[in-house]
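Beneath this line is the structure, given in structure tokens, with notes to follow.
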Protein chains: 2
Amino acid sequence: MPTSRSYRDSCGVARALDVVGERWALLIVRELLLTPQRFSELRHALPHVSSNVLADRLRELENNGVIHRGPAETEGSTAYQLTEWGRNLEPIVRGLGEWGVDAPQPPEPSALSASSVLIFLEDAARPDPKAPPTVCRLDLGGRVWTVRLADGRLRVQAGETATADASLRADPKTLSTLLNDPSTLETARANGSIAVVGDLSAIRRLLHTIPRNDHPTTP
Amino acid sequence: MPTSRSYRDSCGVARALDVVGERWALLIVRELLLTPQRFSELRHALPHVSSNVLADRLRELENNGVIHRGPAETEGSTAYQLTEWGRNLEPIVRGLGEWGVDAPQPPEPSALSASSVLIFLEDAARPDPKAPPTVCRLDLGGRVWTVRLADGRLRVQAGETATADASLRADPKTLSTLLNDPSTLETARANGSIAVVGDLSAIRRLLHTIPRNDHPTTP
DNA sequence: CTGGATCCGAAACGATACTG
DNA sequence: CAGTATCGTTTCGGATCCAG
């Protein structure tokens, strides 16, 4: 049963939190920023949310016009996606993410979804504007993403692309480690925790878009 | 006793919500955006939070480095204020406020603090850049604020100012009504729900910085 | 008065098991 | 796959009480 409590405050901030202030709500929005996702994909991305709470949140967000159910790519099934109003949360969620990286690390074991790493990548990347345009195909935890590096901007899209300079298969945590310390690329490739196909230097350019700050960070 | 649960997610968004995601936390931050406030002022601004939860949140936010206790203006007492890190939440809270005004209105009775109206005013005002610079003194629910209108910007400061074109005393809800419908200014003045001293047209200019959109809104 | 602390019932959450 | 059902635990909300 969805939550019904309210802050009873006319202020816009309070009204926003009446809608997306309940536990897990903004993390669900984060997951849907890059692409629609199905119930089981959300469970996989947010392994610590229990299924009843996830169902409650999705119902609540749908009733409040933040998300809606639509047809999934694979026919016959449905996926949750942001409404136009829900999409307006994007700068807020990204802002929270940038603010939160300065918080103390959470205790292990700690989850990390593909969306989390990719959103961090988009926001933290500072590609050299003079570097050659690069397209990477990422196979991250069972889904395929396209990362485009051009004009001093890094952009992530869900799905395949026709032409990629290189392809990288990894899980989100490993990619996060690589972004923190690109020098581990060779070892990771050697021990099989990642797989690279194509132009290795393209992957290397991708990893080096994150400015180094000496002390490691996690998305 | 402060909350101890965590999302156990390394993502920046989740780490941010581990710190400011508990109930009432971001509304406390909202209250502290314009000026430090004391425990009793926060209780007055957030009448629906119970004192134990407020105390818990303040402790938690202090432990996490979002706020700290400092000497209040009136000596002998202390006030809560944002740390440098906490202040970085400002664009996020303002963004939430702008997003939230499109949400359905909460049920009455609904609170509205001075900070809420003033932050809404700052974010929603679109002053005519060619209008004459104007300084208004606002007496809003027991505290005095200075509103400066110049160069197409509206800025709010806590406290008195030496030279003001006009002075307005009102409570937050009344000011909100006036901002929604400036035509009620005369009636409000007549029935004593507000008091104006000085240049009435300055107040009128202030109220007209909010773009009309036909259907009423509340901060 | 200010700045909380204590107590208690109600609601939300977390974990696990189960079903169409 | 996409959720329900159940149940123990935590947090919240509301009222009251207390020390400085």
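Given the structure is predicted, the values throughout are model-derived calculations rather than measurements. Letters A, B, ... mirror the listed sequences (proteins, then strands); counts begin at 1.
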Atom-to-atom span, [atom1] of [X] to [atom2] of [N] - whole angstrom:
{"X": "B/Glu22", "N": "C/dC13", "atom1": "CD", "atom2": "P", "answer": "10 Å"}
{"X": "B/Leu54", "N": "C/dA5", "atom1": "CG", "atom2": "C1'", "answer": "13 Å"}
{"X": "B/Leu17", "N": "C/dC13", "atom1": "CG", "atom2": "P", "answer": "13 Å"}
{"X": "A/Met1", "N": "D/dG3", "atom1": "CE", "atom2": "P", "answer": "17 Å"}

Counting the atoms with a prime plus P, OP1 and OP2 as sugar-phosphate, which does A/Thr3 contact under 4.0 Å by heavy atoms, base, sugar-phosphate, or nothing?
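Sugar-phosphate, backbone atoms only, no base.
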So B/Ser50, base contact, sugar-phosphate only, or nothing? Heavy-atom distance under 4.0 Å.
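Result for B/Ser50 = base.
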Using 0.5 Å steps for rounding, measure from the [atom1] atom of [X] to the [atom2] atom of [Y].
{"X": "A/Leu61", "Y": "A/Ile67", "atom1": "CG", "atom2": "CD1", "result": "5.0 Å"}
{"X": "B/Gln37", "Y": "B/His44", "atom1": "CD", "atom2": "NE2", "result": "10.5 Å"}
{"X": "A/Gln105", "Y": "B/Asp18", "atom1": "CD", "atom2": "CG", "result": "11.0 Å"}

Between [X] and [N], is there a side-chain N or O to OP1/OP2 distance below 4.0 Å?
{"X": "B/Arg5", "N": "D/dT9", "result": "no"}
{"X": "B/Tyr80", "N": "C/dG4", "result": "yes"}
{"X": "A/Arg43", "N": "D/dC1", "result": "no"}
{"X": "A/Trp24", "N": "C/dA12", "result": "no"}
{"X": "A/Arg8", "N": "D/dG14", "result": "yes"}
{"X": "B/Arg69", "N": "C/dG4", "result": "yes"}

N-O pairing of A/Arg23 and B/Glu22 below 4.0 Å:
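Yes, this pair counts.
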Between A/Tyr7 and A/Arg59, which has a closest nucleotide on DNA chain D that is more 5'?
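Nearest-nucleotide comparison on DNA chain D picks A/Arg59.
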A/Phe39 or A/Ser6, whichever maps to the more 5' nucleotide of DNA chain D:
A/Phe39
Could you check whether atom CD of B/Glu84 has more than 12 heavy atoms from other residues, nucleotides or ligands sitting under 6.0 Å from it?
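Check fails, neighbour count at 12 or below.
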Less than 3.5 Å between a donor and an acceptor, one on the side chain of A/Ser51 and one on the base of D/dT4, is that the case here?
yes
Ignoring hydrogens and angles, are the base of D/dT6 and the side chain of A/Asn52 linked by a donor-acceptor pair under 3.5 Å?
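Present.
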